Amino acid sequence: MWRALHELKAMLKAKFLLATTGNHDIDSRHEYNHYDAKGLLQSLNPRYPFPTDSQNDKYWSRHFAIVAKPDFRILVLNSSAFHGEGRYNDMQRYEYEQGRISDFTLAMLKSELEKTPPAPINVLLCHHHPHQHAELRLSADDLMLGGAELLSLLGSGSHGRWLVVHGHKHHPKLEYASGGSSSPIVFAAGSLAAVLFRELQTATRNQFYILDLPAAQIGTLGFVGRFTSWDWATGHGWLPAGKGSGLPHSGGFGWRGDILLFAENVAAHVQSVSMKWTDITTHFPLLNFVLPQDLIHLLNTLEETHRLTVEPMGELVPVIVGRPQ
Amino acid sequence: MSVSAAPTIFDVFNARQLTPRQVAESFIPPSFFAKLVAPTHTLIVGPRGSGKTTLLKMLHPAALEAWRHARANEYRAVVDFTGVFIATDINWNEQVKSLGNGRLDPLSHRHFAKAAFTTQILQSLVESMMHRAGAFGPPVATPHRRVAITAKVEHKIAQELSSSWHLDRAIPTFEGIHLALSRRLSQIGLLASQESSRDTKGRGDRIAEVRFLHLDFLAAAGVAVDMFNTAVREHSARWTLLFDEVELAPQWIRAMLMTFLRSVDARFLFKVSLSPYSVDLKRELDTVHSPGARQDFEPIRLWYVNKEQGYPFCHELLRGMLDSHHLSSMTPEGLFGRSEFATERSDWATTGTAYRSQTSIGRQFESLAQNDPSFKEFLVRRGIDLKRMHTITGAKRAADLRKGRAVVALRSYFRSIEAETQVARKQKRRSRKIPAVYGGVPSLFAMVEGNPRWFIAIVGELLKESRGRRVSKAAQVRRVLNAGHIFRAMLKTIPCAAIGRSNRGLLSLLDPIGEYFSHAAIDGPFDPDPPSSFIVDERTRDEELHALGLALNAGAIVYAPDEGDVGILESLRGKRFRLSYILAPHYHTPIILGRSMSLAEIMKRAKRQLQTREPTLFSLMEEIDG
C-alpha cells in the first residue's frame, strides 16, 4: 500500500506524499514480535512516513513533524504513538483503543509552532479524531485523548488558521471545532477501502477527496476551501459522491457567519424572475465556502422565508433561483 | 425476459450513452438517411445494435448543429422540423414498472406511468426549445433553426406552461420549467409509493384530484408548440417526436404510438424505432393500416438481406476512419487484401472474365476437381471443361460457376485430400483455427452486416494494429471470430426455454443450423447452391419460435422479408431467415443468401448428424466453451 501510494504520487506528479499512522498500521497486539509495535512501519521502503532521516527521527521521537513551506505548513501527528505500550490504567483500557497526544508532545508542538511564523494555510494530519464523533452510535471512547487541548492550541489564533484532516471513524463529516472564531475546521475523512461497519453501511461509502485551498484568495476571502468527493461503487468504480454516501460530491468550508442574514442578502439580490446560481455565487463568492449543512439551511431559508424557488429542489448544487408566479 | 430486451455486443459504443452531439461526431449517413429526414412519420425497424438510436439522435437539434460531414449542410437544409428525442430504454421501463412498488392495481399504475411518460415527453420538448433558443451555448459547428426569444417572451411562455401543465412553484423560464418537470418525475414516484401504502378505498378519488396525472401528452405538448411557434413566427413549423426502442415500452404506450403513425396533426411528426419481432406491435399496426392501404408512414429497415447492399456504407465508414487515422492514401484492398470469394482485378481486367484456367479462380477450381470427386462429378454433369471455362456463356457461367464460387473456395480451404483409407475419409476437414479464407474485402464488410457499431468496433481495432501496413487476413478473421465469440457468449445469456436437451440458450437453436449449413457446403456432395437460409414452417415448435424471436431481435438471424414487407413480424411462421454473417467464420458457413430449407427439417437432420458424428476432444472443448 505504501509503495502504491508512492506510485500514485508519481502519476499525479505531486510534490509531497504525507501520511500518518493509524491504529491499523501498528502491531499493537504484538503479533509479529513481543517488543516492537512500530518496527514494521519503520522498516518500510520507501521510508515511512518521510523521505528524510531528520523528519523521521522527529516523527518517531516527538510523535510529530512539520513540513513548512512559504504558503503552507503541514503538521503530521502520530496519534497512535503509544499503541502497544500497555494499559491506560485509569480506565482499564488498552492504549490501542484510543488515540493520544501526550502532554510532552503538546508542549514540544507549542514550542515548535512558536518558533516559526504561521503560514497562510496550516493543516494538521492525524489519524484519530481530536473531538467527539459518535453519531450513528459509533464508539465514543476511541477519540484522541488530549485532542481538546490540541484543538485549543491550534484554535488560539496565535499559530495561524488550521484545517484538521483525520480518519479513524470511517464516517465522513465536516464541521468546525468548538471554540472561538479561529477554531480549526475539522475534516473527518471516510475510508478509501474499508469494509464498513454495519452502522455505516447505509450512511456512507468508501470515498476519496480532493481539497482545494485557494492560497491566493485567503487574504480576501479568509481561510476557506472546497472539496470534491468520489464514492466507490462496486461494479462501476469511482463515481461522483451521491446523496447519503457521506460527504456530497462538492462543497465548501471556512465561511462562518450568520446564515439567516446571508440568505436575506441573497434573496434581496434575486430581483429578476430567475438567476443562475453561478451568477449568485459570482456576486457572493463566499457562498462557495459555506459548509454543506449550512448551505442546506440557507437554501431552505430562501424557499421557506423568502418564497423563492431553488431548482433542483433538495440538491446541494442549485442551478437556478427564481420567483415563481 | 421479453423478446424485446436482448442486449447487444460492443455496448461501449452504444448510442444510448452518448449525447446527440457525441453521436454526430462520427456519424456517416447511410443511404436511407434521406428517407429518415423527410417530413413524414417513420417506422425504423432493426435488431438491437443496428443503429436505431444513433439515427434518431441525429435528428436532435444539437446533433444536426454539431455534425461536420461533407453532406451535413445538404441534410440540414432538408430538416425543417425540430427533433425531440424520447428514450424509452430499459432503465426507464424498469422505473415505470416499479412505480408503486408493484402494489398498485393496473388502472392506478397506468395513471402514474402515463404521467411519467407525459412528463418525460414534455421535458424533452422543453429541452429542444431551450436548444433552439440558445440556452446551451453557441452551436458547435453550424447553427440549425436557432431563434431569438426575449426574456419577456420566454417568461410569458413559461408562465403559461406552468399553469397549463400544473407545475407547482415553477420558475417562469424554460430552464425553470425543465427543472420543475424533473421534480415532477420524483413527485410521481413518491405519490405512487404513498398510494401503494394507502387503503384502496378512495384511491380513485385521490388520483382524480391530482390534476397533472391526467394530462394528455399530445394536447399538453401542443400548447407549448403553439406558443413557441407563434413567438418565433413559424406558424406551421413541425415538431418531430422521436421515440426510441418502443418495444421496451409498456403495451399501451406502444399501441398509442402506433396510432400516432396515422396522425394528421400538422404540428407533429412521429418517428418510432423498434425491433423486428414485436408481436403486439404488428397487430396494432395492422389494425391501423389494413394490408394494401396507403401507408401513412415510411418504413426503414436497418439490415441488409443481401450483403452487397451494405458495401457502399461500409466503404464510406472506412473512408472516414482512414482519414481520422491519417491513412487517407490507403484503399480497402490495400489495407485488407481481396477476399477469396471475390475476383482479382488483374484476373479479369484484360479479358473480361476471371473464370479462366490460368487465373486464381481457375486454379482453385482445378485443384478442387482433383481432390473432390463430387465436384468433379458436378463438372461432368454440367458439361463444364475447366480448361475451356472462358468459353462458357454469361448466363450459364452465372448459374454454374459464379454461384458456386464461394462454396468452391470454402471446400478448397477446409477439405483435406481424400485419402484411400477408411480412417482418413472420416477426417475430411482440415483443422483451421483461424480460417483466413474469410478475410479481405468485401467479405469483411459482409460479416459486419453493414452494422456501424460492429464495423467501428472490429475495423477500428484493425486500423490501430495496422499502422499503415496491410492487415493480414488471419488478423482480420481473428477479430471477427473474437467478436463472434463475444456475441455468442451474449446470446447464451438471453433467457429462453430449453431447446431439446440442451441448456445453452439460443445457441441450442443456432448451432445446429450453423453446423448443418456448414456440413452441406463443405462436407457433403458438392452443391453450388447449398442450403444457407431457413423457413419457419408449421412443424417448428413453440420454444424454438420464441428463441427465434429473441435471436432475430438480437441480430443473430436476419430476416429476408417479402417485397413490400415493413419488416415487423408478428409471427415467424412462413418467413425466411439466414444466420448473421458475423457467425460465418465460427460455423464455417458460406457468406451467401442461398436456397432455403425448412427449419424443422434442418433440426431433424442436425440431430441425426450429431448422433452419428464421433466427438473429438476439440468438439467437446467447443461444447464447453460455447
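Treat the numbers as computed from the prediction; the structure is a model and nothing was measured. In what follows, chains are A, B, ... by sequence order, proteins preceding strands, each numbered from 1.
More than 12 heavy atoms of other residues, nucleotides or ligands sit less than 6.0 Å from atom NZ of A:Lys9.
Residues B:Pro172 and A:Pro324 share a closest heavy-atom pair of CD-CA, 4.2 Å.
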Side chain to side chain contact (heavy atoms under 4.5 Å, CB included) between A:Glu311 and B:His178, worked out: CA-CA 10 Å; A:Glu311 294 276 21; B:His178 191 270; over 6 Å; no
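Both the backbone and the side chain of B:Ala180 have a heavy atom closer than 4.5 Å to some heavy atom of chain A. Interface remark: B:Arg183 contributes side-chain atoms only to the contact with chain A (heavy atom separation under 4.5 Å). Only the backbone of A:Val321 comes within less than 4.5 Å of a heavy atom of chain B; no side-chain atom from C-beta onward does. When heavy atoms are compared at a cutoff of 4.5 Å, B:Gln159 approaches chain A solely by way of its side chain, counted from C-beta outward.
The candidate from A:Pro312, A:Gly322, A:Gly314, A:Ser272 with the greatest count of non-hydrogen atom pairs under 4.5 Å with chain B is A:Gly322.
In this structure, A:Met313 CE and B:Asp168 CG are separated by 7.0 Å, a value rounded to the nearest 0.5 Å.
Formation of a donor-acceptor pair under 3.5 Å by the A:Thr309 side chain with backbone atoms of B:Ile171 is not found in this model. Between the side chain of B:Arg169 and the backbone N or O of A:Leu308 there is at least one donor-acceptor pair closer than 3.5 Å.
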